[in-house]
Amino acid sequence: MGLLTPGIGLIFWMTLTFLIVLFVLGKWGWPVVIKGLRKREEDIKNSLLAAENAKKEMEKLKASNEELLAEAREQRDSILKQAKQSGNQIIEEAKQTAKNEADKIILQAKEDIAYEKDKALKDLKGELAQMSLDIAQKVLSHEVKNPQTSEEVIKEQIDKLSFK
């Protein structure tokens with residue numbers, strides 16, 4: 001028998017050994033390998049399912065976060081609006097209070113001015129009355145023989161009374 005053509009005995013023993021190995025593997029080896037492969041396949045399916053669920057959960061959380069952010073922005077805007085309104089209201093109240101105080105001060109000043117004006121007019125009237133009496137006394141004390149002399153005396157007295 002040559003190197004390339006094996007003998008019948010060798011083929012027989014090789015076939016028998018192959019069949020025994022095939023039987024042993026089929027009985028105890030393949031079920032374990034197939035079981036391992038099925039378990040691995042199941043684990044991969046579970047992992048993919050878990051990844052899909054995690055992805056959906058992340059999308060839900062993202063949507064929830066966006067809703068929370070929108071709500072927070074609305075609350076922030078509302079708080080800012082209320083603060084601005086409160087500030088404007090406080091400014092308006094301060095302006096109104098200042099206006100009222102200014103009106104009171106102006107009214108008091110007008111009353112004081114009117115009082116002082118009345119007092120000055122009374123004093124002026126008194127002084128004018130006194131001056132008139134003084135002029136009349138001086139005119140009468142002069143001899144009024146000549147109308148021209150009395151006019152000169154009156155003019156002279158008025159010039160003396162001019163406000164300086």
Side-chain angles (χ1 to χ4, degrees), residues 1-133 158-164:
M1 305 233 155
L3 287 173
L4 292 175
T5 54
I8 296 246
L10 182 61
I11 290 177
F12 171 74
W13 287 115
M14 283 179 70
T15 306
L16 183 66
T17 306
F18 178 74
L19 290 175
I20 291 172
V21 169
L22 189 63
F23 175 74
V24 170
L25 283 176
K27 184 84 172 164
W28 293 287
W30 289 114
V32 173
V33 171
I34 290 176
K35 183 179 176 185
L37 287 175
R38 285 191 181 140
K39 185 174 188 301
R40 184 171 179 208
E41 181 182 0
E42 187 68 30
D43 288 344
I44 291 172
K45 283 181 186 178
N46 289 338
S47 294
L48 288 174
L49 237 164
E52 188 67 31
N53 289 339
K55 184 179 177 183
K56 287 179 184 177
E57 188 66 29
M58 288 298 290
E59 288 174 1
K60 286 180 186 177
L61 287 174
K62 185 178 178 184
S64 175
N65 284 344
E66 288 175 4
E67 289 175 9
L68 288 174
L69 282 173
E71 186 177 320
R73 285 184 187 117
E74 288 175 12
Q75 287 179 351
R76 178 201 65 198
D77 292 342
S78 174
I79 290 170
L80 288 175
K81 184 178 177 182
Q82 287 176 350
K84 187 174 182 180
Q85 287 175 346
S86 295
N88 289 340
Q89 183 179 5
I90 290 170
I91 290 171
E92 277 301 315
E93 288 175 358
K95 283 180 182 178
Q96 188 61 37
T97 303
K99 185 179 181 291
N100 291 342
E101 289 296 319
D103 290 344
K104 285 180 185 177
I105 291 170
I106 289 171
L107 182 63
Q108 184 64 40
K110 285 180 181 179
E111 289 174 357
D112 289 347
I113 290 170
Y115 173 75
E116 290 297 325
K117 180 181 171 184
D118 288 342
K119 185 178 172 186
L121 284 175
K122 285 179 184 176
D123 290 345
L124 185 61
K125 284 179 186 179
E127 286 181 26
L128 280 176
Q130 185 62 40
M131 283 185 219
S132 297
L133 287 174
I158 289 175
D159 286 341
K160 286 182 184 178
L161 294 175
S162 66
F163 299 101
K164 295 178 183 175

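Residues take their numbers from the sequence shown, with the count starting at 1. Since this is a predicted model, take the numbers as computed values, not measurements.
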Among residues at least two apart in sequence or on other chains, which ones pass side-chain contact (heavy atoms from CB on, under 4.5 Å) with Ile11? Pro6, Thr15

To the nearest 0.5 Å, what is the distance between CD1 on Ile20 and CG on Leu25? 12.0 Å

Pairs involving residues 42-64, ordered by first then second residue, that meet salt bridge (charged side-chain N to carboxylate O under 4.0 Å, His left out) (sequence neighbours left out): Lys39-Asp43, Glu41-Lys45

For Trp28 versus Pro31, what's the shortest heavy-atom pair and its separation? C-CD, 3.9 Å

To the nearest 0.5 angstrom, please state how far the CD1 atom of Ile79 sits from the CD atom of Gln75. 6.5 Å

Sequence neighbours excluded, which residues qualify as side-chain contact (heavy atoms from CB on, under 4.5 Å) partners of Lys95? Ile91, Glu92

For Lys99, give me all partners under salt bridge (charged side-chain N to carboxylate O under 4.0 Å, His left out), at least two apart in sequence or on another chain. Asp103

Pairs involving residues 64-79, ordered by first then second residue, that meet salt bridge (charged side-chain N to carboxylate O under 4.0 Å, His left out) (sequence neighbours left out): none

For the residue pair Phe23 and Leu19, establish whether any side-chain heavy-atom pair is separated by less than 4.5 Å. no

Sequence neighbours left out, what pairs pass side-chain hydrogen bond (donor to acceptor under 3.5 Å, both in side chains) with at least one residue falling in residues 109-122? Gln108-Asp112

Could you grab the distance from atom CG of Leu48 to atom CG of Asn53, nearest 0.5 Å is fine? 11.0 Å

Contact between Lys35 and Arg38 at the side-chain level, heavy atoms closer than 4.5 Å - yes or no? no

